Amino acid sequence: MNDQFWKGLLAIRNTPLLCGKSPAELLLGRTLHDSLPRYPGPTTLDNETKAKILDINKKEKDTYDQHTTPLPPLQTGIRVGIRSRVDSDWSLLGTIAEIKPNRTYIVLTDQGSTLTRNRRYLRPSPSPPSNNTFQQNDEQNPTPTTNPLGGRHVGLRDPYDLRKRCPKN
């Protein structure tokens, strides 16, 4: 690349944002030296600019909140469905073991593992799984099961059986 490209990129990184500081100042705590002259004036904002920034932030929050509903908090010991990161379904079930700040929950799964999940990835389960839900399936004749959270087909008996997916080392 030529030298003009890098000088232009440096100028962009030194250009002040609405808050009065450049991206370089926010990241590094100082301005980067470039070929443009700099006025070493005050970096504080006047009241009008601060009010404008607060107004913009309030409008953005109001626009975002128009289409959202807050989820009710969950209690310790409640059975929940956990959204899978792989399949984006709710087939993994567990029990809330601990509640942390910022809508974070520690969940003990039915398989015995412990997961940390945000409230948006947890859904209250209507009832604990009964013994006949997860029957021992014959490998030659697998029987599909349904999700206790909604009737959506979730595949075979254990979609997270990693022992069958991963070869032994």
Side-chain angles (χ1 to χ4, degrees), residues 1-126 147-155 159-160 162 165-166:
M1 301 243 166
N2 60 13
D3 197 37
Q4 292 178 350
F5 173 78
W6 295 112
K7 285 182 181 180
L9 189 60
L10 185 61
I12 290 172
R13 290 180 181 159
N14 277 339
T15 303
L17 302 172
L18 279 178
C19 65
K21 293 190 174 190
S22 68
E25 284 181 276
L26 294 174
L27 181 65
L28 303 172
R30 63 180 180 87
T31 58
L32 301 176
H33 297 287
D34 59 1
S35 60
L36 296 176
R38 296 274 173 234
Y39 171 71
T43 58
T44 60
L45 300 175
D46 58 342
N47 290 336
E48 181 181 335
T49 307
K50 285 181 184 178
K52 188 185 294 185
I53 290 172
L54 289 174
D55 187 45
I56 289 171
N57 290 344
K58 185 179 180 318
K59 285 180 184 177
E60 288 176 354
K61 182 181 180 335
D62 291 343
T63 303
Y64 177 80
D65 287 346
Q66 285 177 355
H67 304 287
T68 61
T69 57
L71 293 170
L74 300 172
Q75 302 300 322
T76 305
I78 291 180
R79 299 263 317 150
V80 292
I82 305 162
R83 185 168 182 213
S84 167
R85 292 182 176 178
V86 178
D87 302 329
S88 296
D89 64 355
W90 298 86
S91 62
L92 188 61
L93 296 173
T95 306
I96 294 183
E98 186 180 347
I99 301 171
K100 299 251 182 180
N102 300 324
R103 298 179 300 273
T104 303
Y105 295 85
I106 307 295
V107 182
L108 181 63
T109 64
D110 292 344
Q111 287 82 14
S113 61
T114 304
L115 302 174
T116 303
R117 292 290 182 268
N118 188 284
R119 172 62 179 92
R120 73 190 323 184
Y121 301 110
L122 300 174
R123 192 183 278 179
S125 177
N147 188 344
L149 297 174
R152 179 179 169 202
H153 182 333
V154 294
Y160 297 98
L162 299 177
R165 293 183 186 179
C166 301

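Worth saying up front: this structure is predicted, and the values here are computed from it rather than measured.
- Residues L93 and R79 meet the side-chain proximity criterion, which asks for heavy atoms closer than 4.5 Å.
- Of all heavy-atom pairs between I99 and I96, the closest is CG1-CG2, 4.3 Å.
- G20 and P16 make their closest contact through O-CB, 4.0 Å (heavy atoms, listed as atom of the first residue, atom of the second, distance).
- Taking all atoms of both residues into account, the shortest heavy-atom contact from L17 to P23 is CG-CD, 4.1 Å.
- Between S84 and L92 the shortest side-chain heavy-atom distance does not fall below 4.5 Å.
- Annotation: side chain of T114 is in contact with side chain of I106 (closest heavy-atom distance under 4.5 Å).
- A distance of 7.5 Å separates OG in S113 from CG in L108, rounded to the nearest 0.5 Å.
- No more than 12 heavy atoms of other residues, nucleotides or ligands sit less than 6.0 Å from atom CG of N47.
- Taken to the nearest 0.5 Å, the CG atom of N14 stands 5.0 Å off from the CG atom of L32.
- Around atom CD of Q66, more than 12 heavy atoms belonging to other residues, nucleotides or ligands sit under 6.0 Å away.
- Around CG of L26, the count of heavy atoms belonging to other residues, nucleotides or ligands within 6.0 Å exceeds 12.
- The line from CD of E60 to CG of D55 is 10.0 Å long, rounded to the nearest 0.5 Å.
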Can you give each donor-acceptor pair under 3.5 Å made by side-chain atoms of residues 115-122, sequence neighbours left out, with the distance rounded to 0.1 Å?
from: N118; atom 1: OD1; to: R120; atom 2: N; distance (Å): 3.1
from: R119; atom 1: NE; to: P72; atom 2: O; distance (Å): 2.8
from: R119; atom 1: NH1; to: L122; atom 2: O; distance (Å): 2.6
from: R119; atom 1: NH2; to: P72; atom 2: O; distance (Å): 3.2

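- Pairing each heavy atom of K21 with each of E25, the nearest pair is CA-OE1, 3.6 Å.
- Under the salt bridge (Lys or Arg N to Asp or Glu O under 4.0 Å) criterion, D62 pairs with K58, not counting sequence neighbours.
- When all heavy atoms of R83 and W90 are compared, the closest pair comes out as N-CE3, 3.5 Å.
- Rounded to the nearest 0.5 Å, atoms OG1 (T109) and CD (Q111) are 5.0 Å apart.
- The closest side-chain heavy-atom distance from S22 to R13 is not below 4.5 Å.
- Proximity of K52 to D46: side-chain heavy atoms (C-beta onward) are nowhere separated by under 4.5 Å.
- Smallest separation of non-hydrogen atoms from V80 and V107: CG2-CG1, 4.1 Å.
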